[in-house]
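See below for the structure under consideration.
First the proteins, then the strands, lettered A, B, ... as listed; each starts at 1.
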Number of protein chains: 2
Amino acid sequence: MLAMHSAAESKARRTNEANSKEETEAPFGLGVVLRLKPNETLFSEGDAAASFYQIKEGVIRSFRMMIDGRRQIISFSQPGDYLGLEWEGDRAMTAEAIIDTAVVSYPRRHLEGRATADVRVQNRMMAVLFGGLHNAQEHLVMLGRQTAMEKLGWFLVRLARSSRMNNGALALPMNRTDIADYLGLSMETVSRGFSLLTREGYIALPDAHQVCIRNFKRLDALARGEVPTAH
Amino acid sequence: MLAMHSAAESKARRTNEANSKEETEAPFGLGVVLRLKPNETLFSEGDAAASFYQIKEGVIRSFRMMIDGRRQIISFSQPGDYLGLEWEGDRAMTAEAIIDTAVVSYPRRHLEGRATADVRVQNRMMAVLFGGLHNAQEHLVMLGRQTAMEKLGWFLVRLARSSRMNNGALALPMNRTDIADYLGLSMETVSRGFSLLTREGYIALPDAHQVCIRNFKRLDALARGEVPTAH
DNA sequence: CGGAACATTGATGTAAATCAAAAATTGTGG
DNA sequence: CCACAATTTTTGATTTACATCAATGTTCCG
């Protein structure tokens, strides 16, 4: 796994593409682009954390796993998102590509030196950390206190807010098991839930990896727990 | 609620006690001490975030609540812990004292100016944020993927690690409902769980607000999901 | 001392997990 | 490009862990 990572890193070329699009989005200087195939590992729980990343393209799932294989997905990272920031020591989770993915990799030390000096780098970093904390808090409420149907509503609302639509449909690159492990459900419950949401007119599923949101307001109400009769 | 907070703040006096104990623990300069009675509110969801805090004494519960009253406790903050750091805008959660509590309050603006300048303040802040993120991740796994008994084991192990023992017993200042809302359970399940842990020799409960851990290793194994037959 | 709040224990219900096929989709080598 | 295997998704039947409902017991505090 570490080997795979190293291989990917050595194949990559130096680039400044990260800076070319928007200045405020990439204040971390030059980085190395890594490309990952579906299910390839970016880093694993226990690895030493030598780099952090920004997603350029694709989607990454980050998760922790228990000894018996139970898995909790912590986040799905999308283009623009930062990933793999660690204070010190080893990785606390594993990150894998869900589809073909490109990330820009920055050496951690590169950041440490600059963060001290550059206010803009510092602010960017703070914003990323606070954002992560905020996300985690919402995730906690969902996992701890929402019903299966509310969880699905929450997931779809979040997805709709964070990703761009393709002629009326949202891409659903992760499979049902990924969604289940993100929401603290079984994949059968996810599948049944999607079917029910479809029957009730909340959404439509052109295929398993595509959703159209038919009634966003109602879905959002469901996600907030305002729909008592959501079997 | 905001009024109550203001009242508490105005009663408080200027102090430097925060600095007197350990220098590295309080790099944020002078602060104002606030004292809270059980169930008093430090700040509420929706308030403007003007300050952040460090607990001196006591315990604070921070939570988010859904419209229909379902509550998820995000953290129990203990002496030394920081609380109420927000990037900008309004509070995302409510913080209440569980027992008599003293906190040192720092104006947020006070931090912003210094963080830019002082590397040590910056590092302290990063450490707090990364620590919060790490805690939240463990909390997510627990909520999403552990059984009721494992959750209780996890809670007790965490408590044991974060608080000092009083002649063989840990203080359990929060009530069963607080514990339930922290672990994503009902308070009956918490109560039954404690009874079972007692019967099985993991712990002893001298009274409802006191735990003795009888077999830490076994409790830790339970918390990690390594005890398959934990009804 | 008496009442309110909290904790325990018991009986019952139910949401979601698990077990089990069938159906659909995806990938692969001829 | 098709056939066939593998994987993923859907749907159905059944079980179960935990919630809810309901007393009863206990502690706390004015």
Return yes if the base of dT8(C) and the side-chain atoms of Arg199(B) contain a donor-acceptor N/O pair under 3.5 Å, otherwise no. no
Given dA16(C), dT9(C), dT11(D), identify the nucleotide with an atom nearest to the side chain of Ser195(A). dT11(D)
To the nearest Å, how far apart are Met174(B) CE and dC6(C) C1'? 16 Å
Need one value for Gly193(B): base, sugar-phosphate or nothing, where a base atom within 4.0 Å counts as base even if backbone is also close, heavy atoms only. nothing
At less than 4.0 Å, is any side-chain N or O atom of Ser191(A) found next to OP1 or OP2 of dT11(D)? Yes or no. no
Check every strand shown and say whether Ser186(B) touches a base, only sugar-phosphate, or nothing at a heavy-atom separation below 4.0 Å. base
Which residue, Arg192(A) or Ala208(A), contacts DNA chain D at a nucleotide closer to its 5' end, judged by nearest heavy atom? Ala208(A)
Quick one: is dA19(D) close enough that its OP1 or OP2 comes under 4.0 Å of any side-chain N or O from Thr189(B)? yes
Less than 4.5 Å apart, any side-chain heavy atom of Asp100(B) and any of Arg35(B)? no
Gap between atoms CE and C1', on Met187(A) and dT7(D) respectively (whole Å): 10 Å
Under 4.0 Å from OP1 or OP2 of dC6(C): is there any side-chain N or O of Thr177(B) that close? no
Can a donor-acceptor pair be found between the side chains of Thr198(A) and Ser195(A) at a distance below 3.5 Å? no
Criterion salt bridge (Lys or Arg N to Asp or Glu O under 4.0 Å) on Asp181(B) and Arg64(B), from CA distance to verdict: CA-CA 10 Å; Asp181(B) 287 349; Arg64(B) 278 166 172 248; over 6 Å; no
Can you say whether a donor on the side chain of Glu188(B) sits under 3.5 Å from an acceptor on the base of dC18(D), or the other way round? no
Do the side-chain N or O atoms of His209(A) get closer than 4.0 angstrom to the phosphate oxygens (OP1, OP2) of dT9(D)? yes
Among dA7(C), dA16(C), dT10(D), which nucleotide sits nearest the side chain of Thr147(A)? dA16(C)
Interatomic distance, Leu152(A) atom CG to Leu196(A) atom CG [nearest 0.5 angstrom]: 9.5 Å
